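In what follows, a single structure is set out as C-alpha coordinates and then discussed.
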Amino acid sequence: MQRRVVITGMGAITPVGIDVESSWSNIVQGIHGINKITAFDSTKSKVKVAAEVTDLDESIHFTGKQKKRLDRYAKLGIIAAREAYKDSMLDTKPIIDSNRIGITIGTGVGGMNTILEEHSNYLNGGSNYISPLLVPKFIPNILSGNLAIEFGINGMVNTVITACAASSNAIGDAYRSIKHGYLDVVMAGGSESCINPVMLGGFANLNAVTESDNIDRASIPFDKERNGFVMGEGAGILILEDLEHAQNRGAKIYAEIVGYGTTCDAYHLTAPDKKGIQIKRAMENSLNDAGISHQDIDYINAHGTSTPYNDLIETNAIKDLFKDKAKLIPISSTKSMVGHLLGAAGALEAICCIKTINDNIIHPTVGYTVSDENCNLDYVIDGHREKNVKYAMSNSFGFGGHNTVLIFKEFK
Amino acid sequence: MILNELKEIIKDVIDINMDEIELKNMLYDDLDLDSLDMSQIIIALENKYSIEIDDEIFLDFETVEDIVKHIEQAI
(Lines give C-alpha, C1' and ligand atoms only; values in the text may rest on other atoms or scores of the structure.)
Protein backbone atom coordinates (compact mmCIF):
# COMPACT_ATOMS: atom_id res chain seq x y z
CA MET A 1 0.00 0.00 0.00
CA GLN A 2 1.48 3.36 -0.97
CA ARG A 3 -0.27 6.58 -0.06
CA ARG A 4 0.53 10.13 -1.00
CA VAL A 5 2.02 12.29 1.75
CA VAL A 6 1.52 16.03 1.97
CA ILE A 7 2.54 18.86 4.29
CA THR A 8 -0.36 20.56 6.04
CA GLY A 9 1.43 22.71 8.62
CA MET A 10 4.80 24.28 9.38
CA GLY A 11 6.42 25.94 12.37
CA ALA A 12 9.88 27.33 13.01
CA ILE A 13 11.97 29.44 15.36
CA THR A 14 15.33 30.45 13.93
CA PRO A 15 18.19 32.94 14.20
CA VAL A 16 16.34 35.12 11.68
CA GLY A 17 12.78 34.91 12.94
CA ILE A 18 10.45 33.67 15.64
CA ASP A 19 8.15 31.91 13.19
CA VAL A 20 7.99 30.64 9.60
CA GLU A 21 6.85 33.88 7.97
CA SER A 22 9.39 36.18 9.60
CA SER A 23 12.20 33.65 9.09
CA TRP A 24 11.35 33.12 5.41
CA SER A 25 10.98 36.84 4.77
CA ASN A 26 14.49 37.50 6.11
CA ILE A 27 15.95 34.49 4.32
CA VAL A 28 14.53 35.64 0.97
CA GLN A 29 15.96 39.11 1.56
CA GLY A 30 19.36 37.62 2.35
CA ILE A 31 19.44 38.86 5.94
CA HIS A 32 21.62 36.69 8.15
CA GLY A 33 21.30 36.09 11.88
CA ILE A 34 25.00 35.72 12.67
CA ASN A 35 26.43 37.86 15.48
CA LYS A 36 28.97 37.93 18.28
CA ILE A 37 28.14 35.15 20.74
CA THR A 38 25.96 36.25 23.67
CA ALA A 39 25.09 32.83 25.10
CA PHE A 40 28.36 32.77 27.05
CA ASP A 41 31.47 34.91 27.55
CA SER A 42 33.48 34.11 24.43
CA THR A 43 36.61 36.07 25.43
CA LYS A 44 38.61 32.89 25.90
CA SER A 45 36.88 30.99 23.11
CA LYS A 46 38.47 30.51 19.69
CA VAL A 47 34.96 30.85 18.27
CA LYS A 48 33.55 34.35 18.34
CA VAL A 49 30.33 34.24 16.34
CA ALA A 50 27.16 32.16 16.23
CA ALA A 51 23.59 32.33 14.95
CA GLU A 52 21.44 32.59 18.06
CA VAL A 53 17.69 32.77 18.45
CA THR A 54 17.17 36.29 19.79
CA ASP A 55 14.16 38.18 21.13
CA LEU A 56 12.74 35.08 22.76
CA ASP A 57 10.60 35.86 25.80
CA GLU A 58 10.11 32.43 27.31
CA SER A 59 7.37 33.69 29.65
CA ILE A 60 5.08 34.16 26.67
CA HIS A 61 5.33 30.46 25.89
CA PHE A 62 5.88 28.71 29.22
CA THR A 63 4.88 28.92 32.87
CA GLY A 64 7.66 29.16 35.47
CA LYS A 65 7.31 25.47 36.24
CA GLN A 66 7.47 24.48 32.56
CA LYS A 67 10.55 26.65 32.02
CA LYS A 68 12.36 24.78 34.76
CA ARG A 69 11.47 21.39 33.26
CA LEU A 70 12.65 22.07 29.73
CA ASP A 71 16.12 22.40 28.25
CA ARG A 72 16.34 25.20 25.68
CA TYR A 73 16.41 22.64 22.86
CA ALA A 74 13.03 21.36 24.00
CA LYS A 75 11.61 24.87 24.43
CA LEU A 76 12.51 25.80 20.86
CA GLY A 77 11.04 22.53 19.57
CA ILE A 78 7.78 23.05 21.44
CA ILE A 79 7.40 26.63 20.18
CA ALA A 80 7.88 25.48 16.57
CA ALA A 81 5.54 22.51 17.07
CA ARG A 82 2.78 24.73 18.44
CA GLU A 83 2.98 26.94 15.38
CA ALA A 84 2.88 23.92 13.06
CA TYR A 85 -0.03 22.33 14.90
CA LYS A 86 -2.10 25.52 14.76
CA ASP A 87 -1.10 26.11 11.14
CA SER A 88 -2.34 22.62 10.21
CA MET A 89 -5.64 23.34 11.98
CA LEU A 90 -5.33 20.09 13.90
CA ASP A 91 -6.69 22.09 16.84
CA THR A 92 -9.92 23.08 15.09
CA LYS A 93 -10.24 20.33 12.48
CA PRO A 94 -9.01 17.56 14.70
CA ILE A 95 -8.00 13.96 14.21
CA ILE A 96 -10.35 11.57 15.95
CA ASP A 97 -7.90 8.71 16.42
CA SER A 98 -4.86 9.75 18.50
CA ASN A 99 -3.35 6.29 17.88
CA ARG A 100 -2.89 7.20 14.22
CA ILE A 101 -0.77 10.29 14.86
CA GLY A 102 2.96 10.05 15.50
CA ILE A 103 6.02 12.19 16.11
CA THR A 104 9.55 11.93 14.71
CA ILE A 105 12.07 14.47 15.89
CA GLY A 106 15.71 14.81 14.91
CA THR A 107 18.36 16.29 17.16
CA GLY A 108 22.11 16.08 17.36
CA VAL A 109 22.74 16.33 21.09
CA GLY A 110 19.45 16.99 22.85
CA GLY A 111 19.79 18.75 26.20
CA MET A 112 23.55 19.18 26.33
CA ASN A 113 23.27 22.59 28.04
CA THR A 114 21.46 20.90 30.93
CA ILE A 115 24.24 18.32 31.31
CA LEU A 116 26.82 21.10 31.57
CA GLU A 117 24.73 23.03 34.10
CA GLU A 118 24.18 20.01 36.33
CA HIS A 119 27.79 18.91 36.01
CA SER A 120 28.74 22.35 37.27
CA ASN A 121 26.33 21.93 40.22
CA TYR A 122 27.96 18.57 40.95
CA LEU A 123 31.47 20.01 40.89
CA ASN A 124 30.45 22.89 43.14
CA GLY A 125 28.30 21.08 45.67
CA GLY A 126 28.51 17.36 45.21
CA SER A 127 25.98 14.85 43.93
CA ASN A 128 23.21 16.09 46.26
CA TYR A 129 23.07 19.24 44.15
CA ILE A 130 22.32 17.47 40.87
CA SER A 131 18.72 18.29 40.00
CA PRO A 132 16.24 15.42 39.81
CA LEU A 133 15.25 17.05 36.52
CA LEU A 134 18.63 16.29 34.90
CA VAL A 135 17.58 13.13 33.08
CA PRO A 136 14.07 14.19 32.00
CA LYS A 137 15.59 17.40 30.64
CA PHE A 138 18.63 16.29 28.72
CA ILE A 139 17.79 12.95 27.10
CA PRO A 140 17.44 13.55 23.35
CA ASN A 141 14.05 11.85 23.10
CA ILE A 142 12.43 14.08 25.69
CA LEU A 143 11.28 16.72 23.22
CA SER A 144 9.23 14.01 21.48
CA GLY A 145 7.91 12.92 24.86
CA ASN A 146 6.91 16.45 25.79
CA LEU A 147 5.15 16.95 22.45
CA ALA A 148 3.24 13.68 22.83
CA ILE A 149 1.95 14.84 26.22
CA GLU A 150 1.06 18.34 25.02
CA PHE A 151 -0.82 17.19 21.94
CA GLY A 152 -2.16 13.85 23.17
CA ILE A 153 -0.32 11.77 20.55
CA ASN A 154 -0.37 8.00 21.06
CA GLY A 155 1.12 6.62 17.84
CA MET A 156 4.80 5.99 17.11
CA VAL A 157 6.83 8.69 18.89
CA ASN A 158 10.51 8.50 17.87
CA THR A 159 13.68 10.47 17.92
CA VAL A 160 16.29 10.20 15.20
CA ILE A 161 19.93 10.91 15.92
CA THR A 162 22.04 11.26 12.77
CA ALA A 163 23.87 14.49 13.55
CA CYS A 164 23.43 17.09 10.84
CA ALA A 165 21.08 14.83 8.87
CA ALA A 166 18.82 14.09 11.85
CA SER A 167 15.74 16.15 11.04
CA SER A 168 15.88 15.17 7.36
CA ASN A 169 15.93 11.53 8.44
CA ALA A 170 13.07 12.29 10.85
CA ILE A 171 10.99 13.79 8.04
CA GLY A 172 11.89 10.93 5.70
CA ASP A 173 10.98 8.27 8.26
CA ALA A 174 7.71 10.08 8.99
CA TYR A 175 6.94 10.16 5.26
CA ARG A 176 7.49 6.39 5.02
CA SER A 177 5.27 5.72 8.06
CA ILE A 178 2.38 7.47 6.37
CA LYS A 179 3.13 6.28 2.84
CA HIS A 180 3.02 2.66 3.95
CA GLY A 181 -0.10 3.06 6.07
CA TYR A 182 1.25 2.91 9.62
CA LEU A 183 0.11 6.40 10.57
CA ASP A 184 -2.09 9.15 9.13
CA VAL A 185 -0.37 12.24 10.54
CA VAL A 186 3.16 12.77 11.84
CA MET A 187 4.64 15.83 13.50
CA ALA A 188 8.19 15.68 12.07
CA GLY A 189 11.22 17.91 12.26
CA GLY A 190 14.03 18.81 14.61
CA SER A 191 15.45 21.08 17.26
CA GLU A 192 18.92 21.99 18.43
CA SER A 193 20.41 24.36 20.98
CA CYS A 194 23.98 23.75 22.10
CA ILE A 195 25.75 27.07 21.76
CA ASN A 196 28.02 26.54 24.76
CA PRO A 197 31.79 26.76 25.28
CA VAL A 198 32.34 22.99 25.42
CA MET A 199 30.53 22.18 22.18
CA LEU A 200 32.12 25.08 20.34
CA GLY A 201 35.53 24.28 21.79
CA GLY A 202 35.24 20.71 20.57
CA PHE A 203 34.21 21.77 17.09
CA ALA A 204 36.96 24.43 17.02
CA ASN A 205 39.68 21.95 17.95
CA LEU A 206 38.38 19.70 15.19
CA ASN A 207 38.73 22.65 12.78
CA ALA A 208 35.10 22.28 11.81
CA VAL A 209 33.80 25.67 12.91
CA THR A 210 35.00 29.05 11.68
CA GLU A 211 37.09 31.30 13.94
CA SER A 212 36.22 34.37 11.88
CA ASP A 213 35.04 37.36 13.89
CA ASN A 214 33.60 39.11 10.84
CA ILE A 215 29.90 38.33 11.00
CA ASP A 216 29.47 38.98 7.26
CA ARG A 217 32.32 36.67 6.26
CA ALA A 218 31.84 33.79 8.66
CA SER A 219 29.27 31.47 7.04
CA ILE A 220 30.31 31.65 3.38
CA PRO A 221 29.31 28.42 1.63
CA PHE A 222 31.09 27.66 -1.65
CA ASP A 223 33.35 30.71 -1.26
CA LYS A 224 37.08 30.05 -1.85
CA GLU A 225 37.92 31.38 1.63
CA ARG A 226 35.39 29.28 3.52
CA ASN A 227 36.97 27.79 6.64
CA GLY A 228 34.27 26.21 8.76
CA PHE A 229 30.63 26.51 9.69
CA VAL A 230 28.87 28.88 12.07
CA MET A 231 26.94 27.17 14.88
CA GLY A 232 23.26 28.02 14.93
CA GLU A 233 20.28 27.05 17.05
CA GLY A 234 16.59 26.70 16.32
CA ALA A 235 13.78 24.36 15.44
CA GLY A 236 11.61 23.43 12.48
CA ILE A 237 8.51 21.25 12.49
CA LEU A 238 6.33 19.98 9.63
CA ILE A 239 2.96 18.30 9.87
CA LEU A 240 3.04 15.42 7.39
CA GLU A 241 -0.30 13.87 6.51
CA ASP A 242 -1.91 11.26 4.28
CA LEU A 243 -3.41 13.15 1.34
CA GLU A 244 -6.89 11.67 1.64
CA HIS A 245 -6.94 12.27 5.38
CA ALA A 246 -5.95 15.91 4.80
CA GLN A 247 -8.60 16.42 2.16
CA ASN A 248 -11.32 14.82 4.32
CA ARG A 249 -10.35 17.15 7.14
CA GLY A 250 -10.34 20.21 4.88
CA ALA A 251 -6.72 21.00 5.72
CA LYS A 252 -4.70 23.30 3.51
CA ILE A 253 -1.92 21.58 1.61
CA TYR A 254 1.45 23.28 1.11
CA ALA A 255 3.30 20.67 -0.92
CA GLU A 256 3.84 16.96 -1.33
CA ILE A 257 6.85 15.00 -0.16
CA VAL A 258 7.75 12.50 -2.87
CA GLY A 259 11.33 11.37 -2.39
CA TYR A 260 13.59 10.12 0.40
CA GLY A 261 17.07 8.71 -0.13
CA THR A 262 19.42 7.91 2.73
CA THR A 263 22.83 6.23 2.66
CA CYS A 264 26.02 6.07 4.71
CA ASP A 265 29.58 6.76 3.62
CA ALA A 266 31.00 4.10 5.98
CA TYR A 267 34.26 5.97 5.56
CA HIS A 268 35.23 8.34 8.39
CA LEU A 269 33.71 9.70 11.58
CA THR A 270 33.82 13.34 10.55
CA ALA A 271 35.15 13.77 7.02
CA PRO A 272 32.94 13.07 4.02
CA ASP A 273 34.23 10.56 1.48
CA LYS A 274 35.91 12.61 -1.25
CA LYS A 275 34.60 10.22 -3.89
CA GLY A 276 31.05 11.27 -2.98
CA ILE A 277 29.64 7.93 -4.15
CA GLN A 278 27.15 7.58 -1.31
CA ILE A 279 26.08 11.23 -1.52
CA LYS A 280 25.33 10.70 -5.19
CA ARG A 281 23.51 7.46 -4.37
CA ALA A 282 21.35 9.20 -1.74
CA MET A 283 20.33 11.74 -4.38
CA GLU A 284 19.66 8.97 -6.91
CA ASN A 285 17.60 7.01 -4.38
CA SER A 286 15.47 10.04 -3.66
CA LEU A 287 14.88 10.57 -7.39
CA ASN A 288 13.94 6.91 -7.88
CA ASP A 289 11.62 7.11 -4.88
CA ALA A 290 9.96 10.15 -6.45
CA GLY A 291 9.74 8.42 -9.83
CA ILE A 292 11.48 11.33 -11.56
CA SER A 293 14.80 11.95 -13.23
CA HIS A 294 17.49 14.45 -12.31
CA GLN A 295 16.20 16.56 -15.24
CA ASP A 296 13.05 17.30 -13.27
CA ILE A 297 14.75 19.01 -10.33
CA ASP A 298 14.26 22.79 -10.43
CA TYR A 299 16.17 23.76 -7.27
CA ILE A 300 18.63 22.23 -4.80
CA ASN A 301 18.80 23.41 -1.19
CA ALA A 302 22.38 22.39 -0.48
CA HIS A 303 23.86 21.07 2.74
CA GLY A 304 26.30 23.92 2.03
CA THR A 305 28.00 24.20 5.43
CA SER A 306 30.87 26.55 4.49
CA THR A 307 33.48 23.87 5.20
CA PRO A 308 36.25 23.27 2.67
CA TYR A 309 35.39 19.60 2.23
CA ASN A 310 31.61 19.49 2.26
CA ASP A 311 31.01 22.24 -0.25
CA LEU A 312 33.51 20.76 -2.72
CA ILE A 313 32.37 17.16 -2.39
CA GLU A 314 28.70 18.13 -2.56
CA THR A 315 29.40 20.21 -5.68
CA ASN A 316 31.22 17.29 -7.31
CA ALA A 317 28.44 14.85 -6.47
CA ILE A 318 25.87 17.22 -7.99
CA LYS A 319 28.03 17.53 -11.13
CA ASP A 320 28.41 13.77 -11.29
CA LEU A 321 24.69 13.09 -11.03
CA PHE A 322 23.20 16.02 -12.89
CA LYS A 323 25.90 16.15 -15.60
CA ASP A 324 25.14 18.96 -18.09
CA LYS A 325 22.17 20.09 -16.06
CA ALA A 326 24.35 20.74 -12.97
CA LYS A 327 25.31 24.23 -14.16
CA LEU A 328 21.71 25.09 -14.90
CA ILE A 329 20.15 24.27 -11.54
CA PRO A 330 20.04 27.04 -8.95
CA ILE A 331 21.58 25.85 -5.69
CA SER A 332 21.45 27.84 -2.46
CA SER A 333 22.55 27.36 1.14
CA THR A 334 20.22 28.39 3.97
CA LYS A 335 23.19 27.94 6.30
CA SER A 336 24.74 31.07 4.79
CA MET A 337 22.13 32.99 6.80
CA VAL A 338 21.10 30.90 9.77
CA GLY A 339 24.35 29.05 10.38
CA HIS A 340 24.29 25.32 10.96
CA LEU A 341 21.34 24.19 13.06
CA LEU A 342 22.90 20.70 13.30
CA GLY A 343 20.07 18.27 14.02
CA ALA A 344 17.45 20.88 13.13
CA ALA A 345 19.04 22.02 9.85
CA GLY A 346 17.19 19.56 7.62
CA ALA A 347 13.80 20.59 8.98
CA LEU A 348 14.35 24.31 8.41
CA GLU A 349 15.72 23.59 4.94
CA ALA A 350 12.66 21.46 4.15
CA ILE A 351 10.49 24.44 5.14
CA CYS A 352 12.57 26.64 2.80
CA CYS A 353 12.04 24.16 -0.06
CA ILE A 354 8.29 24.18 0.55
CA LYS A 355 8.15 27.98 0.73
CA THR A 356 10.22 28.09 -2.48
CA ILE A 357 7.69 25.86 -4.23
CA ASN A 358 4.74 27.91 -2.93
CA ASP A 359 6.19 31.35 -3.65
CA ASN A 360 8.29 30.44 -6.72
CA ILE A 361 11.16 32.35 -5.13
CA ILE A 362 14.60 30.88 -4.54
CA HIS A 363 16.51 32.35 -1.62
CA PRO A 364 20.11 33.47 -2.13
CA THR A 365 23.41 32.18 -0.77
CA VAL A 366 24.89 35.20 1.06
CA GLY A 367 28.41 36.11 2.14
CA TYR A 368 29.96 34.90 -1.13
CA THR A 369 32.64 37.22 -2.54
CA VAL A 370 35.63 35.10 -3.67
CA SER A 371 34.95 32.52 -6.36
CA ASP A 372 36.40 29.04 -6.19
CA GLU A 373 37.21 27.46 -9.57
CA ASN A 374 36.31 24.05 -8.12
CA CYS A 375 32.93 25.20 -6.79
CA ASN A 376 31.58 26.76 -9.90
CA LEU A 377 27.87 26.02 -10.03
CA ASP A 378 25.02 28.53 -9.76
CA TYR A 379 24.77 29.27 -6.03
CA VAL A 380 22.31 32.19 -6.43
CA ILE A 381 24.79 34.71 -5.11
CA ASP A 382 23.16 37.84 -6.50
CA GLY A 383 20.04 37.98 -4.40
CA HIS A 384 16.83 35.96 -4.47
CA ARG A 385 15.47 34.73 -7.77
CA GLU A 386 11.97 34.23 -9.10
CA LYS A 387 11.56 30.86 -10.74
CA ASN A 388 8.78 28.39 -11.22
CA VAL A 389 9.81 25.51 -8.94
CA LYS A 390 7.90 22.26 -9.15
CA TYR A 391 10.48 19.88 -7.62
CA ALA A 392 12.95 20.93 -4.92
CA MET A 393 15.71 18.70 -3.56
CA SER A 394 17.16 19.13 -0.05
CA ASN A 395 20.54 17.68 0.98
CA SER A 396 21.72 16.97 4.52
CA PHE A 397 24.93 15.16 5.49
CA GLY A 398 26.04 14.36 9.04
CA PHE A 399 29.08 13.28 11.08
CA GLY A 400 29.07 9.51 11.01
CA GLY A 401 28.69 9.61 7.23
CA HIS A 402 24.91 9.96 7.10
CA ASN A 403 23.68 11.27 3.73
CA THR A 404 20.00 12.14 3.45
CA VAL A 405 18.11 13.68 0.57
CA LEU A 406 14.46 14.72 0.43
CA ILE A 407 12.40 15.79 -2.60
CA PHE A 408 9.35 18.04 -2.36
CA LYS A 409 6.83 18.60 -5.13
CA GLU A 410 4.29 21.27 -5.88
CA PHE A 411 0.79 20.09 -4.99
CA LYS A 412 -2.01 20.70 -7.44
CA MET B 1 10.60 29.29 60.50
CA ILE B 2 10.27 25.91 58.82
CA LEU B 3 6.90 26.60 57.18
CA ASN B 4 8.23 29.76 55.52
CA GLU B 5 11.36 28.01 54.34
CA LEU B 6 9.27 25.17 52.93
CA LYS B 7 7.01 27.68 51.20
CA GLU B 8 10.11 29.25 49.59
CA ILE B 9 11.18 25.87 48.28
CA ILE B 10 7.72 25.01 46.93
CA LYS B 11 7.47 28.46 45.33
CA ASP B 12 10.78 27.85 43.64
CA VAL B 13 9.78 24.49 42.27
CA ILE B 14 6.27 25.18 41.00
CA ASP B 15 6.38 28.97 40.54
CA ILE B 16 3.44 29.79 42.81
CA ASN B 17 2.96 32.74 45.18
CA MET B 18 3.94 31.96 48.76
CA ASP B 19 0.64 33.26 50.11
CA GLU B 20 -1.15 30.62 48.03
CA ILE B 21 0.46 27.90 50.13
CA GLU B 22 -1.22 26.87 53.40
CA LEU B 23 -0.39 24.35 56.06
CA LYS B 24 -3.51 22.33 55.32
CA ASN B 25 -2.95 22.16 51.56
CA MET B 26 -3.02 18.65 50.06
CA LEU B 27 0.21 18.28 48.10
CA TYR B 28 -1.19 16.39 45.14
CA ASP B 29 -4.79 17.62 45.09
CA ASP B 30 -4.52 21.28 46.10
CA LEU B 31 -1.01 22.19 44.95
CA ASP B 32 -1.13 19.84 41.94
CA LEU B 33 2.37 18.49 42.62
CA ASP B 34 3.62 15.51 40.71
CA SER B 35 6.47 13.09 41.47
CA LEU B 36 9.06 15.31 39.76
CA ASP B 37 8.00 18.28 41.89
CA MET B 38 8.23 16.17 45.05
CA SER B 39 11.71 14.90 44.12
CA GLN B 40 12.93 18.47 43.79
CA ILE B 41 11.29 19.56 47.06
CA ILE B 42 12.73 16.62 48.98
CA ILE B 43 16.28 17.12 47.71
CA ALA B 44 16.10 20.84 48.50
CA LEU B 45 14.95 20.05 52.06
CA GLU B 46 17.67 17.42 52.51
CA ASN B 47 20.32 19.92 51.40
CA LYS B 48 18.90 22.79 53.47
CA TYR B 49 18.61 20.87 56.75
CA SER B 50 21.40 18.32 56.16
CA ILE B 51 19.01 15.43 56.72
CA GLU B 52 17.96 12.42 54.72
CA ILE B 53 14.33 11.68 54.05
CA ASP B 54 13.61 8.05 53.19
CA ASP B 55 11.44 7.20 50.19
CA GLU B 56 8.85 5.40 52.35
CA ILE B 57 8.48 8.50 54.48
CA PHE B 58 8.10 11.07 51.77
CA LEU B 59 5.67 8.88 49.83
CA ASP B 60 3.39 9.15 52.88
CA PHE B 61 3.36 12.97 52.93
CA GLU B 62 -0.12 14.18 52.11
CA THR B 63 -0.15 17.79 53.26
CA VAL B 64 2.25 20.69 53.69
CA GLU B 65 1.83 20.18 57.43
CA ASP B 66 3.08 16.56 57.16
CA ILE B 67 6.36 17.83 55.71
CA VAL B 68 6.75 20.60 58.32
CA LYS B 69 6.14 18.13 61.17
CA HIS B 70 8.68 15.67 59.76
CA ILE B 71 11.37 18.32 59.43
CA GLU B 72 10.70 19.55 62.98
CA GLN B 73 11.23 16.03 64.28
CA ALA B 74 14.26 15.33 62.14
CA ILE B 75 16.35 18.39 62.99
Side-chain angles (χ1 to χ4, degrees), chain A residues 56-75 77-79 82 110-111 113-154 157 159, chain B residues 2-22 25-64 66-68 70-75:
Chain A
L56 173 60
D57 180 358
E58 292 185 3
S59 310
I60 293 175
H61 302 278
F62 305 107
T63 62
K65 179 165 154 172
Q66 286 172 330
K67 271 196 265 181
K68 276 198 76 163
R69 290 199 175 188
L70 297 166
D71 180 276
R72 188 171 165 90
Y73 108 92
K75 286 173 185 155
I78 290 170
I79 291 169
R82 286 175 180 164
N113 288 348
T114 293
I115 297 177
L116 295 181
E117 213 176 289
E118 294 304 330
H119 187 240
S120 182
N121 288 340
Y122 166 71
L123 291 175
N124 289 335
S127 58
N128 285 348
Y129 286 84
I130 302 170
S131 168
L133 295 176
L134 162 70
V135 174
K137 273 176 82 169
F138 93 81
I139 50 178
N141 62 298
I142 212 67
L143 169 55
S144 293
N146 273 293
L147 293 173
I149 293 169
E150 173 144 348
F151 298 108
I153 291 172
N154 297 117
V157 173
T159 300
Chain B
I2 292 177
L3 175 60
N4 273 345
E5 285 168 349
L6 174 59
K7 283 186 183 184
E8 278 273 5
I9 289 172
I10 294 175
K11 165 186 171 291
D12 231 12
V13 169
I14 63 171
D15 193 40
I16 189 180
N17 286 328
M18 276 173 63
D19 49 22
E20 291 178 62
I21 306 168
E22 294 169 29
N25 280 153
M26 304 285 284
L27 299 168
Y28 300 101
D29 296 334
D30 297 329
L31 297 179
D32 208 22
L33 301 182
D34 67 10
S35 57
L36 279 179
D37 296 319
M38 279 305 289
S39 300
Q40 293 173 77
I41 291 167
I42 296 304
I43 202 118
L45 290 169
E46 289 182 337
N47 288 336
K48 189 167 188 66
Y49 298 108
S50 300
I51 55 174
E52 274 194 40
I53 305 175
D54 285 341
D55 292 356
E56 300 94 66
I57 293 175
F58 91 68
L59 286 172
D60 282 340
F61 291 153
E62 286 184 355
T63 62
V64 172
D66 289 344
I67 303 179
V68 171
H70 178 83
I71 306 287
E72 279 169 351
Q73 283 162 14
I75 59 171

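Letters A, B, ... are given to chains in the order of the sequence lines, protein chains preceding strands, and every chain is numbered from 1. These numbers come from a predicted model, not from an experiment.
- With a 6.0 Å radius and a threshold of 12 heavy atoms from other residues, nucleotides or ligands, A/Glu150 has its CD atom above the threshold.
- Considering NZ of A/Lys65 and CG of B/Asp15, their distance stands at 10.0 Å, rounded to 0.5 Å.
- Between the NZ atom of A/Lys137 and the CG atom of B/Leu36 there is a distance of 11.5 Å, given to the nearest 0.5 Å.
- Looking at B/Asp12 and A/Lys68, no side-chain N of the basic residue comes within less than 4.0 Å of a carboxylate O on the acidic one, giving no salt bridge.
- Atom OH of A/Tyr122 has 12 or fewer heavy atoms from other residues, nucleotides or ligands within 6.0 Å.
- For the atom pair CG (B/Asp37) and CZ (A/Arg69), the distance works out to 4.5 Å, reported to the nearest 0.5 Å.
- The number of heavy-atom neighbours closer than 6.0 Å to CD of A/Glu58, taken from other residues, nucleotides and ligands shown, is above 12.
- For the atom pair B/Ile43 CD1 and A/Ser127 OG, the distance stands at 8.0 Å (nearest 0.5 Å).
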